[in-house]
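Please read the structure below before turning to the comments.
Proteins come first, then strands; the chains are lettered A, B, ... in the order of their sequence lines, and each starts at number 1. Given the structure is predicted, the values throughout are model-derived calculations rather than measurements.
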There are 4 protein chains.
Amino acid sequence: MKRKGPKYEKIIDAAVTVIAMHGYHQSQVSKIAKEAGVADGTIYLYFKNKEDLLVSVFNEKMGSFIEKTENELKGRQSAVEKLHTLIEMHFKQLEADHELSIVTQLELRQTNRDLRVKIGEVLKRYLTLIDHILKDGMESGTFNSDMDYRLARQMIFGTIDETATNWVMNDHRYGLRRLADPIHKMLINGLCGHHPHVE
Amino acid sequence: MKRKGPKYEKIIDAAVTVIAMHGYHQSQVSKIAKEAGVADGTIYLYFKNKEDLLVSVFNEKMGSFIEKTENELKGRQSAVEKLHTLIEMHFKQLEADHELSIVTQLELRQTNRDLRVKIGEVLKRYLTLIDHILKDGMESGTFNSDMDYRLARQMIFGTIDETATNWVMNDHRYGLRRLADPIHKMLINGLCGHHPHVE
Amino acid sequence: MKRKGPKYEKIIDAAVTVIAMHGYHQSQVSKIAKEAGVADGTIYLYFKNKEDLLVSVFNEKMGSFIEKTENELKGRQSAVEKLHTLIEMHFKQLEADHELSIVTQLELRQTNRDLRVKIGEVLKRYLTLIDHILKDGMESGTFNSDMDYRLARQMIFGTIDETATNWVMNDHRYGLRRLADPIHKMLINGLCGHHPHVE
Amino acid sequence: MKRKGPKYEKIIDAAVTVIAMHGYHQSQVSKIAKEAGVADGTIYLYFKNKEDLLVSVFNEKMGSFIEKTENELKGRQSAVEKLHTLIEMHFKQLEADHELSIVTQLELRQTNRDLRVKIGEVLKRYLTLIDHILKDGMESGTFNSDMDYRLARQMIFGTIDETATNWVMNDHRYGLRRLADPIHKMLINGLCGHHPHVE
DNA sequence: CATGAATGAGACTTCATTCAT
DNA sequence: GATGAATGAAGTCTCATTCAT
């Protein structure tokens, strides 16, 4: 089972393209192989089976996604800034790859329990990133210290994810990145907003 | 195509039970028929096809869900109170029917694009409910009036939905309803919270 | 899983015909279904899977094979007569169904270990039949009483089976049944033969 | 197509080992190549294709098998003695190589018609050996001269083969060679046995 | 109204063989 | 001579839907 090489990447990218174009349930291995310019059997030199390919797609793409976000976060000082960076990176990266956004927001969710569990494990790394920002902000006194950080994480992720999904379902008709500011402001100030912290 | 009668209800309930127990992809028409105590063919006297049955499940259950929420909202005055009621009703109703919560939060999401669009249409009624609360609060000055109400709605729904999904994925191990208060507070005040509006 | 009905028999017989005609490895389910005049899926209403079908073929055919032999043996007194009847019934029944003889002597042997084990279990009933004849003959003093009955059984079955296989591999070119007499004589008297017992 | 050289032998032996260990249907060319310590493609420098390799395995092993038997037979005078030697050599050689016994008695039989025909051709040399012993014995008057030598050969080979197969299927749990005597006696004297010829 | 036996399209995966290096 | 990455054909089984009873 080779896990590197130019064909490995080609197949991963072909999977994203095919899933985005035809939908999860219409993404046969043969279609992906054709798109990648390899024979059907070649897929199985690089991946154990179809599920392994799909998990790898999520792993590779989400891995780089998280890494870039982590790097960008290093340059930020305050928790408020960090949260802003996280949201902006999230939206920016999705906006930079429409195909990928369709795959992660819509198509890869229609999978069976097993696959979703494996995807969930990859996601944990991202949620931990959010947790760190939250604990940081709560310890420094910027964020309300009597919050349950898990609920706060669910609010942040739920909001970002729902916003991204809506954007994809509206066929990317508007800019996603420019929603980072207002979303950030709402998360910080809440619905009743308008107080000095971020203005 | 009969849309009423005791068997209609039996089939809808059987579908919820089977999907909750075996998962979406293991919920064959024949299994649902068996659970409902009818013949396979009988399903097709009440539903056009399997997709129609699944949409109907969501319709019937979500319809009652929304209705009860609407009724409860009538008794509330302020937007802040209304939001609290909405969250509480949401959590309370999910908590009252674990099977249904599995179906709506996990299983019914693994569907193809078409079905999800139809489910989305049913959901619109619920989202409109949120929109009304928001516009209400923004007009009365309680909520920040320069928010984009659509983003606010995405924050509210995204947060509630993510919280509910986490609760289901953690096997209903803790109380969901008691999260209504802290969630409500966070949505109102944001992460930096702690200011006079709701205390 | 229905195990009776006219289609059940049709499928079993179609399997014999197809395997005899095209060989074990060229006997696809679709080919058998076509020969039986049913849809591919119908096979799976009557059999768990392809292996189950093949085992059932052997079971059904061998079951009737053994039963007929058992019935015929009842009318015989001496062990020598019984052995003659067993051989004659064996050859007679194979000769009566050339297709079946190809299937049991040649094609059904090219199966994997699992299937062969299951076939072996069915065969045991037949081998037990031989054992009874042997013990009978040994107790009555007709057969050499210091033989190992298991070796004797292997000689009898090995000889009959090898003779039948040769006959099939020679395209049924000669009569099989008329070999029962000389085979019987050889088994009784051995190669050095020519002594009073059976003449 | 090289048919000699150290790799040729290595591949033959690797095939025996792999087939004995994993079974015929799990003996892929790549597995045999790995066991032999050569590349997949190298197999095709020494053998035309997989079938050719399998036939060669049988050829090489059976060739030496027959040769040794022939040599041993030279020292025997009477047909009775010769038959005893043949049986003893057969059992002795199988007992000396358990792997080979699994391959020839069980695994190599699960092959398609074509391959079995080719294996049959190799076997003919062995069957001819038996025929010679039989004709010898019949001409000299030791064996019953009105037997059909072909049937006698089928009895001898069928008995030996069935005995060997049973021994392998019972996981070589008992000694095979020590069955040569009783088997020989039974073949000579038959089931009714006990007369002066071999005692 | 209700039944349930029958249909048949469609896809993942394996593995013998090749050929550029 | 030797390698091993790449090829691509081919078959079992599931399950939504129908329709004769």
Would you call [X] and [Y] a salt bridge, using N to O less than 4.0 angstrom?
{"X": "D/Glu35", "Y": "D/Lys10", "answer": "no"}
{"X": "B/Lys118", "Y": "B/Asp52", "answer": "no"}
{"X": "B/Lys31", "Y": "B/Asp40", "answer": "no"}

What is the distance, rounded to the nearest whole Å, between atom [atom1] of [X] and atom [atom2] of [N]?
{"X": "C/Lys50", "N": "F/dC13", "atom1": "NZ", "atom2": "P", "value": "8 Å"}
{"X": "A/Tyr44", "N": "E/dC12", "atom1": "OH", "atom2": "P", "value": "6 Å"}
{"X": "A/Ile43", "N": "F/dA5", "atom1": "CD1", "atom2": "P", "value": "17 Å"}
{"X": "C/Lys34", "N": "E/dT7", "atom1": "NZ", "atom2": "P", "value": "14 Å"}
{"X": "A/Lys7", "N": "F/dA6", "atom1": "NZ", "atom2": "C1'", "value": "6 Å"}
{"X": "B/Leu45", "N": "F/dC19", "atom1": "CG", "atom2": "P", "value": "13 Å"}
{"X": "C/Met1", "N": "E/dA6", "atom1": "CE", "atom2": "P", "value": "12 Å"}
{"X": "B/Ile32", "N": "F/dC15", "atom1": "CD1", "atom2": "P", "value": "12 Å"}

Report the residue (B/Ser27 or A/Ala39) whose heavy-atom-nearest nucleotide on DNA chain F is the more 5′ of the two.
-> A/Ala39

Residue closer to the 5' end of DNA chain F, A/Gly37 versus B/His25 (nearest nucleotide) | A/Gly37

Does D/Thr42 make a side-chain N or O approach to OP1 or OP2 of F/dT3 shorter than 4.0 Å?
-> yes

Phosphate-side-chain proximity, B/Tyr46 and E/dC1, N/O vs OP1/OP2 below 4.0 Å = no

Would you kindly compare A/Asp40 and D/Gly41 by the position of their nearest DNA chain E nucleotide and give the one closer to the 5′ end?
-> A/Asp40

Audit row: B/Glu99, B/Thr17, side chain to side chain donor-acceptor pair (under 3.5 Å) steps and yes/no | CA-CA 6 Å; B/Glu99 269 187 357; B/Thr17 301; 3.2 Å; yes

NA contact type, C/Val29, heavy-atom cut-off 4.0 Å: base, sugar-phosphate, or nothing?
-> sugar-phosphate

Would you mind classifying the nucleic acid contact of B/Phe47 as base, sugar-phosphate or nothing, using non-hydrogen atoms under 4.0 angstrom?
-> nothing

Walk me through it: do C/Gln26 and D/Asn112 pass the test side chain to side chain donor-acceptor pair (under 3.5 Å)?
-> CA-CA 10 Å; C/Gln26 280 308 307; D/Asn112 59 33; over 6 Å; no

Pair partner, E/dA20 [Watson-Crick or wobble, under 3.5 Å] | F/dT3

